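Following: one structure in structure tokens, then a few remarks.
Basis for what follows: all heavy atoms, side chains included, without hydrogens, waters or symmetry-related copies. The structure displayed is predicted, hence computed values, not measured ones.
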Amino acid sequence: MIGEDGQNVGVTPIQDALAAAQEAGLDLVEISPNSEPPVCKILDFGRFKYQTQKKANEARKNQKVVEVKEIKMRPAIDDHDYEVKMKAIKRFFEEGDKVKLTLRFRGREMAHQHLGMKLLERVRDETAEISKVEAEPKLEGRQMIMVLAPR
């Protein structure tokens, strides 16, 4: 049992612990039931619940949600368009987001999938120092997809 002032009282029978808590006008709260012997503490239960809820809210507020941003390209992308896409990819990595690269093939482009693979490898090589490949390029229907995550 731990007293109301935070001092370790020692192992006490339940009746004595309840009497001490009632005498102090507080509650007897079981802190860790799985330990041997179970640890109980004399405190105000309402205040205890409020503080644990406050800690949980604070932890939730400090969490960073990782989003997956999608960049769509075509195998025959022009240099300037490619540079614009690369600038956006680098900005997403700086914000801590993952990037899903989608390469869409249309018509006869399906016969030249090696061009799409070459383009995705070029993106991978250019972002190698700031990102890691989470999902290797793979073909799903008429789309080739690769997922990159920030380092």
What pair of heavy atoms forms the shortest contact from Ser131 to Arg151, and how long is it? O-NE, 3.3 Å

A quick test of your reading: do over 12 heavy atoms of other residues, nucleotides or ligands sit less than 6.0 Å from CZ of Arg106? no

Less than 4.5 Å apart, side chain to side chain, heavy atoms only: is that true for Ile89 and Thr127? yes

For the pair Lys132 (side chain) and Pro150 (backbone), establish whether a donor and an acceptor sit closer than 3.5 Å, ignoring hydrogens and angles. yes

For side-chain hydrogen bond (donor to acceptor under 3.5 Å, both in side chains), just list the numbers for Glu70 and Thr102, CA-CA rounded to whole Å, side-chain angles, deciding distance to a tenth of an Å, and then say yes or no. CA-CA 7 Å; Glu70 186 174 19; Thr102 304; 2.6 Å; yes

Are any side-chain N or O atoms of Lys49 and backbone N or O atoms of Asp44, one a donor and one an acceptor, separated by less than 3.5 Å? no

Measure across Pro37 and Val11 and return the closest heavy-atom pair with its distance rounded to 0.1 Å. CG-CG2, 4.0 Å

Membership question, hydrophobic clusters at under 4.5 Å side-chain separation (ILVMFWY): are Ile77 and Leu103 in the same one? yes

Can Glu136 and Arg124 be counted as an ion pair, charged N to O under 4.0 angstrom? yes

For a quick test of reading the model, state the closest non-hydrogen atom pair linking Thr12 to Met1 and the distance between them. OG1-CB, 3.3 Å

Could you tell me which non-hydrogen atom of Ala88 sits nearest to which non-hydrogen atom of Ile71, and how far apart they are? CB-CD1, 4.1 Å

CZ on Arg104 to CD on Glu109, rounded to 0.5 Å: 11.0 Å

Min side-chain heavy-atom separation His112-His114 under 4.5 Å: yes

To the nearest 0.5 Å, tell me how far Ile2 CD1 sits from Cys40 SG. 9.0 Å

Measuring from Glu140:CD to Ile145:CD1, what's the distance to the nearest 0.5 Å? 4.0 Å

Dump the intermediate steps for salt bridge (charged side-chain N to carboxylate O under 4.0 Å, His left out) on Glu58 and Lys54, then the final yes or no. CA-CA 6 Å; Glu58 193 67 34; Lys54 203 170 174 183; over 6 Å; no

Please report the C-alpha distance between Leu18 and Gln22 in whole Å, then the side-chain angles of each, then the deciding distance to 0.1 Å, and finally whether the side-chain contact (heavy atoms from CB on, under 4.5 Å) criterion is met. CA-CA 6 Å; Leu18 284 170; Gln22 203 165 26; over 6 Å; no

Mind checking the CD-NZ spacing from Gln143 to Lys138? Nearest 0.5 Å is all I need. 12.0 Å

Atom CD of Gln113 and atom CE of Met144: how far apart are they, to the nearest 0.5 Å? 5.5 Å

Under a 4.5 Å cut-off applied to non-hydrogen side-chain atoms, are Val133 and Leu148 in contact? yes

Taking 4.0 angstrom as the limit, do Arg122 and Glu126 come out as a salt bridge? yes

With distance as the sole test, does Asp97 use its side chain to make a donor-acceptor pair with the main-chain N or O of Lys69 at under 3.5 Å? no

Apply side-chain contact (heavy atoms from CB on, under 4.5 Å) to the pair Met73 and Val123, showing each step before the final yes or no. CA-CA 11 Å; Met73 293 185 183; Val123 172; 4.2 Å; yes

